[in-house]
Amino acid sequence: MALLITDECINCDVCEPECPNQAISMGPEIYQIDPKRCTECVGHFEEPQCVQVCPVSCIPVDPAHVESRETLWEKYRRLQAQAAAGETR
């Protein structure tokens, strides 16, 4: 599953630097999460870091992007491989 930032977001800027996958960025009005990069911090932390730091609790699971823990691990491995390949170029 990827996470989703709802319109309750107050643009406090605390979630973006916490994301180990650089999945969070500023959208047209509020922050947004790229579901292709979000692993819910699987591979990095026990719990999603953005959820931990959000002062208004506006980051639920995105029902449009439901993934198993196994799928999240695969996504984590793919992102790590891409990052390693980018560093060697």
Side-chain angles (χ1 to χ4, degrees):
M1 295 165 277
L3 299 172
L4 169 73
I5 298 176
T6 68
D7 60 4
E8 296 166 355
C9 175
I10 58 172
N11 292 327
C12 66
D13 303 321
V14 298
C15 62
E16 183 181 25
E18 295 298 319
C19 182
N21 296 317
Q22 292 82 44
I24 301 174
S25 62
M26 179 52 103
E29 296 181 24
I30 60 172
Y31 280 92
Q32 58 191 14
I33 297 177
D34 180 351
K36 294 177 186 162
R37 298 192 63 79
C38 179
T39 63
E40 292 187 40
C41 290
V42 167
H44 296 282
F45 301 101
E46 289 295 315
E47 296 185 37
Q49 297 301 288
C50 59
V51 173
Q52 294 293 313
V53 299
C54 182
V56 294
S57 300
C58 69
I59 309 176
V61 170
D62 183 351
H65 295 96
V66 177
E67 298 171 284
S68 68
R69 188 158 180 86
E70 178 90 12
T71 303
L72 293 171
W73 266 107
E74 289 300 318
K75 189 188 307 185
Y76 163 76
R77 289 185 199 113
R78 179 180 46 79
L79 291 169
Q80 293 300 303
Q82 288 174 349
E87 291 174 6
T88 61
R89 290 181 188 175

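Predicted, not measured: the structure shown is a model, and the values here were computed from it.
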#### Entry: Q32 (side chain) donor-acceptor with I30 (main chain) under 3.5 angstrom
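Here the side-chain-to-backbone pair does not exist.
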### Task
Check for a donor-acceptor pair, side chain of K75 on one end and backbone N or O of P35 on the other, with a separation under 3.5 Å.
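Yes, K75 side chain to P35 backbone: donor-acceptor pair under 3.5 Å.
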Inter-residue atom distance [X].[atom1] - [Y].[atom2], 0.5 Å rounding:
X   : Y   : atom1 : atom2 : value
E29 : N11 : CD    : CG    : 9.0 Å
H65 : K36 : NE2   : NZ    : 8.5 Å
C41 : L72 : SG    : CG    : 10.5 Å
I24 : I5  : CD1   : CD1   : 5.0 Å
L79 : Q22 : CG    : CD    : 9.0 Å
I10 : Y31 : CD1   : OH    : 11.0 Å

### Query
Which heavy atom of C38 sits nearest a heavy atom of A23, and at what distance?
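Answer, listing the atom of C38 first, then A23: N-CB, 3.8 Å.
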#### Entry: Least distance between heavy atoms, Y76 atom then V42 atom
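Answer, listing the atom of Y76 first, then V42: CD1-O, 3.5 Å.
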### Query
L4: what forms a side-chain contact (heavy atoms from CB on, under 4.5 Å) with it, not counting sequence neighbours?
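Listed in chain order: D62.
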### Task
Could you go through the side chain to side chain contact (heavy atoms under 4.5 Å, CB included) check for C9 and C58 one step at a time?
CA-CA 6 Å; C9 175; C58 69; 3.9 Å; yes
### Query
In the hydrophobic clustering that connects Ile, Leu, Val, Met, Phe, Trp and Tyr at side-chain heavy-atom distances below 4.5 Å, which members other than V53 occupy its cluster, ordered by chain and number?
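V53 clusters with V14.
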### Task
Show the numbers, then the answer: is there a side chain to side chain contact (heavy atoms under 4.5 Å, CB included) between E40 and V51?
CA-CA 9 Å; E40 292 187 40; V51 173; over 6 Å; no
### Message
If the condition is salt bridge (charged side-chain N to carboxylate O under 4.0 Å, His left out), which residues does R77 pass it with, not counting sequence neighbours?
### Response
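Scan of R77 (salt bridge (charged side-chain N to carboxylate O under 4.0 Å, His left out), adjacent residues dropped) gives E74.
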### Side-chain heavy atoms of V61 within contact of L3, under 4.5 Å
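They are in side-chain contact.
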